[in-house]
Amino acid sequence: MDSEEYNIEYLKENGFTRKKCERCGSHFWTRDHDRKTCGDAPCEFYSFIGNPIFKERSADEIRESFLSFFEHCPHKHTRMKRYPVVARWRDDIYLNIASIANFQPFVTSGKVPPPANPLVISQPCIRLEDLESIGKTGRHLTAFEMMGHHAFNKRGGEEIYWKNDTVKYCDGFLRHLGVDMDSVTYKEAPWVGGGNAGPCLEVITNGLELATLVFMDLELSPQGEISINGQRYTKMDTYIVDTGYGLERFVWASKGTPTVYDAMFPDVIKELVNASGFEHPLETHPAIIIQNARLSGAMKREEIANKLGISLKNLKNILEPIETIYAIADHTKCLAFMLADGVVPSNAKEGYLARLVLRRVFRMLKSMGIGIPLEDIVLMQIETLRKSFPELEKSVDRIVELVSLEHRRYDETLLKGERIIRQMARGYKRKEEQKIPLDMLINLYDTHGLPPEFVKEVVSNQEAGVDVEVDIPENFYSLVASMHSEERKGEMEQPIVEKIEEKTKSIPATQKLYYEKPSAVDFEATVLDFVDGSVILDKTLFFPEGGGQPADTGSLTLKEENNRTLKVIDVQEVEGVILHKIENGGVSKGAVVSGHIDAARRIAHTKHHSATHVVVCAAREVLGGHIWQAGAQKGEKRARIDITHFKRISDAERREIEMLANRIVMEDKEIKASFEDRNEAEQKYGFRIYQGGVPPGKRIRIVRIGEDEDVQACAGTHCSKTGEIGPIKILRTERIQDGIERIEYSAGEAAVKEIQLLEELIRKSASVLRVPVHKLPSAVERFFEEWKQLRKENERLRAEIAEQRIGLWKEHARDIRGVSVIAEVLPGADTKEMMKIASQLSKDDFLTILIGKREKHASVVSSVPVYLRNEVNASALVKRVCEVLGGSGGGKAEIAQGGGTKIEKVKEAMEAGITLVDDLISKKVQK
RNA sequence: GGGCUCGUAGCUCAGUGGAAGAGUGCCUCCUUCGCGAGGAGGAAGCCACGGGUUCAAAUCCCGUCGAGUCCA
């Protein structure tokens with residue numbers, strides 16, 4: 001990146017000089033003429049530990065001084081409320097990872113104006129990339145607050161402010177806190193993230209990076225002229241001040257504690273230390289802890305141990321317990337935010353991330369012998385956060401339920417896992433293998449969720465009675481991850497809408513009559529263009545596919561061409577231009593068409609769409625505030641909606657949702673749809689409006705039911721009152737994934753038809769059984785019981801008959817060279833029955849060949865008495881017989897079975913069998 | 001969104017194409033003053049469901065339903 005980018009007046013005018021770091025070679029700006037390094041770890045130690053940089057402040061104090069500093073500075077930033085930690089408005093990330101993420105992609109790209117400009121915010125963020133190193137490094141957090149002030153500038157427009165003021169404010173804020181300004185360095189470091197990039201200054205003092213000042217003005221572009229890290233970028237139409245001040249870092253710097261955790265969570269850590277029975281090493285080994293903390297940013301653990309003159313093992317023993325406690329303290333704060341903001345633990349998407357963190361903490365609590373329930377620790381975190389984030393308290397009940405439910409599930413998984421591991425270990429012991437192979441460990445983790453540490457614990461447990469070794473490679477979890485990333489290779493798909501987009505760019509947006517006249521079915525319009533089999537009109541009633549609502553169908557009639565009619569089979573919207581795909585034929589520009597939409601289809605879609613909003617509303621009422629739409633599909637006959645929920649929906653809950661939904665219908669509430677300013681709508685209604693995804697654009701269509709019982713951003717067609725929906729019938733609920741339930745329902749006439757269908761099924765069933773409808777359940781149960789009884793009785797009788805027939809067959813025995821052979825055809829007999837007879841007869845020293853002859857198939861059973869087992873193989877004998885029957889067979893040497901389809905050859909087959917027996921026995925006689 | 005695993009007696013699970021099994025629990029009897037324990041016998045299965053392949057499927061293939069788990 002060009003050094004000219006960092007040619008900032010403020011720095012030059014305030015006694016800064018640009019230097020090159022002796023250790024890492026990066027360029028930095030400093031007031032200190034003697035400074036030789038950039039000041040960042042690892043080029044410098046954490047010199048602030050035990051030696052705070054400025055007056056001690058709490059997190060609340062730091063946050064407030066930051067927000068008010070920028071509120072009252074010359075540019076008068078607007079203070080914004082925090083956004084959720086779940087990035088519902090984005091489809092590329094699950095969690096909110098930075099304050100700028102709130103404004104991506106529409107604000108940063110310039111498509112939507114910022115909610116305020118400039119603005120200041122303290123945004124709780126979650127990053128789980130460094131999960132493994134949390135607690136160990138002393139500075140990594142999964143949940144942190146990024147304080148940021150942002151200015152959104154547009155090229156050619158009025159500039160709010162850019163680099164100069166950004167640096168000036170940063171310098172001013174640090175001075176305001178009381179930082180020794182000679183110790184501050186601004187390090188040049190190009191920034192890249194989320195498809196954007198730009199020059200950046202890292203703000204560092206005493207080895208600690210406190211803030212990053214990003215000047216975002218580049219975006220990813222294959223033909224871009226600027227290259228960073230092998231990717232090509234080009235200048236954007238906007239240029240944005242994106243700053244990130246680490247709230248926790250400031251608190252830490254103000255306290256000078258060994259780790260950021262000690263600064264942020266002193267009370268929680270104290271509780272955990274007490275419960276674990278350990279002592280905080282700051283009490284037992286203060287010198288080692290402080291030295292280690294100072295060096296940890298700059299050196300590896302081996303080097304530190306070396307420098308402190310103790311063994312690595314010793315150092316680890318001192319540090320590891322407290323590191324685990326640090327991690328628990330961090331993770332529980334992360335969970336407090338995730339769960340309060342509505343994440344439902346699950347096995348997919350953001351829910352999986354919540355479960356990942358939950359299970360880590362369960363493991364850590366267990367390993368430390370801490371008996372405090374996890375939900376209590378999360379509640380402790382909420383207690384300290386409630387002053388600044390009162391909204392967290394609303395979720396306390398649900399969090400307690402969720403966490404204890406997750407705990408129970410995890411215990412079950414482990415209990416089940418223990419059995420699996422023991423069985424497997426016994427298997428290896430039997431095979432006299434010394435070790436459980438790595439691929440088995442990976443399999444246990446991947447398939448059953450059993451971490452290798454747990455496998456080791458179970459296997460090494462004396463009680464298990466096994467002594468197989470378990471070797472866990474250091475990079476185990478990355479091995480698992482890389483295994484999965486390989487699976488993903490090759491699945492690249494590039495949609496080819498770009499070509500159409502290119503052509504539609506010059507065409508004005510289609511006027512959307514379906515919003516203006518929701519109940520109209522006929523319209524007149526002029527053809528603007530005809531592209532790839534699609535007609536583009538100046539205005540249309542045809543609703544394009546979107547938001548889970550299918551496109552309208554219908555026809556376009558050309559009056560000027562003898563009423564030639566084009567059938568519209570699909571409708572899509574590309575950047576405001578609506579494309580009517582027609583079945584065949586073409587149309588010329590300027591032609592006037594009269595359009596007609598399939599009214600019944602549209603009405604059914606409209607009812608189902610409004611019903612969807614009603615059902616979500618009812619589900620949220622019944623199941624709780626964490627209910628979030630995770631997908632939806634509307635049709636003519638039925639619709640479905642996927643919602644986030646942590647349990648299966650019970651029958652009672654399903655009925656309650658259905659009743660409530662129908663009540664909303666009967667109350668005949670108004671459904672209002674109107675375009676509103678996006679930022680205003682977000683502030684007024686919250687992010688709850690983005691149930692069905694995030695629409696682009698400055699103005700978004702908001703659909704509200706009644707007194708705002710339900711408010712959603714939605715582009716679909718809707719009834720004007722809930723009464724128009726008609727009855728809503730829930731058909732079924734299904735579990736799509738853990739944590740996501742699907743509800744299927746019908747609305748309007750479709751619902752009545754579904755009810756009739758169900759009724760018909762019940763009536764028919766009842767009439768088959770000749771019972772009144774209300775006795776159906778008991779009748780079915782009785783019939784099923786009787787059927788089972790009779791089946792058993794039948795089996796028993798067959799066995800009895802077989803038993804009795806044995807005597808009869810014995811009389812039919814023929815003698816082949818001294819061997820008693822029973823070769824009989826039994827009409828109608830089944831294999832099972834014949835097996836019983838054969839096995840009994842062979843015990844009495846008879847050789848049997850039985851053929852059961854049925855309509856289209858003959859089955860063969862043969863048994864050989866023990867004394868003949870060396871001469872005659874029942875399996876071979878059956879094979880020979882079945883060969884003739886056009887089939888095959890097999891089994892054990894003493895008794896075997898088979899069959900064939902050529903029933904006319906039964907006699908022939910039997911003779912073949914007898915001949916074979918004769919042959920085999922004669923050989924014996926010759927011996 | 002993608003991958004892997006599982007569904008067999010009330011429960012925990014064996015069973016890799018050839019007669020549905022074990023342990024535990026349950027019932028009856030014996031032993032005991034009674035309990036625990038022991039002995040003998042017995043009942044208990046739509047092998048999740050629907051298709052397919054095969055002479056033959058709990059077992060192999062496809063689909064559905066249900067459960068678990070990992071990754072993005």
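When each of B:A72, B:A19, B:G3 is scored by its nearest atom to the side-chain atoms of A:Lys349, the top-ranked nucleotide is B:A72. In this structure, of B:A19, B:C70, B:G1, it is B:C70 that holds the atom nearest to the side chain of A:Asn347. Comparing atom distances between the A:Phe784 side chain and each of B:C13, B:C46, B:A44 picks out B:C46 as nearest.
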Quick test: give all pairs of protein nitrogen or oxygen and nucleotides 62-65 of chain B nitrogen or oxygen below 3.5 Å, distance rounded to 0.1 Å.
from: B:C65; atom 1: OP1; to: A:Glu734; atom 2: OE2; distance (Å): 3.1

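Taking the C1' atoms as reference points, B:U5 lies 37 Å from B:G42, given to the whole Å. Using P as the reference atom, B:A72 and B:A48 are 34 Å apart when rounded to the nearest Å. Across B:G15 and B:G63, the matching P atoms stand 25 Å from one another, rounded to whole Å. Separating the C1' atom of B:C13 from that of B:C70 is a span of 24 Å, rounded to the nearest Å. Using P as the reference atom, B:G18 and B:G66 are 31 Å apart when rounded to the nearest Å. Only the C1' atoms considered, B:A19 is 37 Å distant from B:U31, to the nearest whole Å. One C1' atom belongs to B:A9, the other to B:C47, and the distance between them is 10 Å to the nearest Å.
Across all strands, A:Ala858 comes closer than 4.0 Å to no nucleic acid atom at all (heavy-atom distances). If you check every strand for non-hydrogen atoms under 4.0 Å, A:Arg359 touches sugar and phosphate atoms only. A:Lys788 comes within 4.0 angstrom of the backbone, heavy atoms only, and of no base. At the heavy-atom level, A:Ile740 lies nowhere under 4.0 Å from the strands shown. Counting non-hydrogen atoms under 4.0 angstrom, A:Gly891 reaches a base of the nucleic acid. A:Lys792 comes within 4.0 angstrom of the backbone, heavy atoms only, and of no base. Residue contacts shown for A:Thr901 are absent, as no nucleic acid heavy atom lies under 4.0 Å away.
Of the side-chain N and O atoms in A:Arg355, none sit less than 4.0 angstrom from OP1 or OP2 of B:C70. Proximity of A:Arg419 to the phosphate of B:C13: a side-chain N or O atom is located under 4.0 Å from OP1 or OP2. Close to B:A19, at under 4.0 Å from its OP1 or OP2, lies no side-chain N or O of A:Lys836. Within the 4.0 Å cut-off from OP1 or OP2 of B:G45, not a single side-chain nitrogen or oxygen of A:Arg791 is found. Applying the 4.0 Å criterion to OP1 and OP2 of B:G68, one finds that A:Arg735 has a side-chain N or O inside that range. Of the side-chain N and O atoms in A:Thr831, none sit less than 4.0 angstrom from OP1 or OP2 of B:A19. The side chain of A:Arg648 places an N or O atom within less than 4.0 Å of a non-bridging phosphate oxygen (OP1 or OP2) of B:A67.
Between A:Thr413 and A:Asn443, the residue whose closest nucleotide on RNA chain B is further toward the 5' end is A:Asn443.
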Practice item. Go through A:Ser839 and A:Ser863 one step at a time and tell me if the side chain to side chain donor-acceptor pair (under 3.5 Å) criterion holds. Key: CA-CA 6 Å; A:Ser839 108; A:Ser863 64; over 6 Å; no
**Study point:** Stepwise salt bridge (charged side-chain N to carboxylate O under 4.0 Å, His left out) test for A:Glu406 and A:Arg355
**Key:** CA-CA 8 Å; A:Glu406 279 296 304; A:Arg355 180 166 285 168; 2.9 Å; yes
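Between A:Phe784 and A:Trp787, the ring planes are parallel. Angles under 30° get that label, and only those over 60° would be called perpendicular. Taking the six-membered ring for Trp and thresholds of 30 and 60 degrees, A:Phe646 and A:His626 have ring planes inclined between 30 and 60 degrees apart.
Closest non-hydrogen pair, A:Gly890 versus A:Ala896, comes out as O-CB, 3.6 Å.
Screening A:Arg648, A:Arg735, A:Arg654 for a side-chain hydrogen bond (donor to acceptor under 3.5 Å, both in side chains) involving A:Glu741 leaves a single residue, A:Arg648. Paired with A:Lys729 under the rule salt bridge (Lys or Arg N to Asp or Glu O under 4.0 Å), one option of A:Glu658, A:Glu754, A:Glu744 passes, and it is A:Glu658.
Stretches of at least 3 consecutive Watson-Crick or G-U wobble pairs, with each checked distance under 3.5 Å, appear in RNA chain B as B:1-7 with B:65-71, B:10-13 with B:21-24, B:26-30 with B:38-42, B:48-52 with B:60-64.
Environment of CZ in A:Arg805: sparse, with no more than 12 heavy atoms of neighbouring residues, nucleotides or ligands closer than 6.0 Å.
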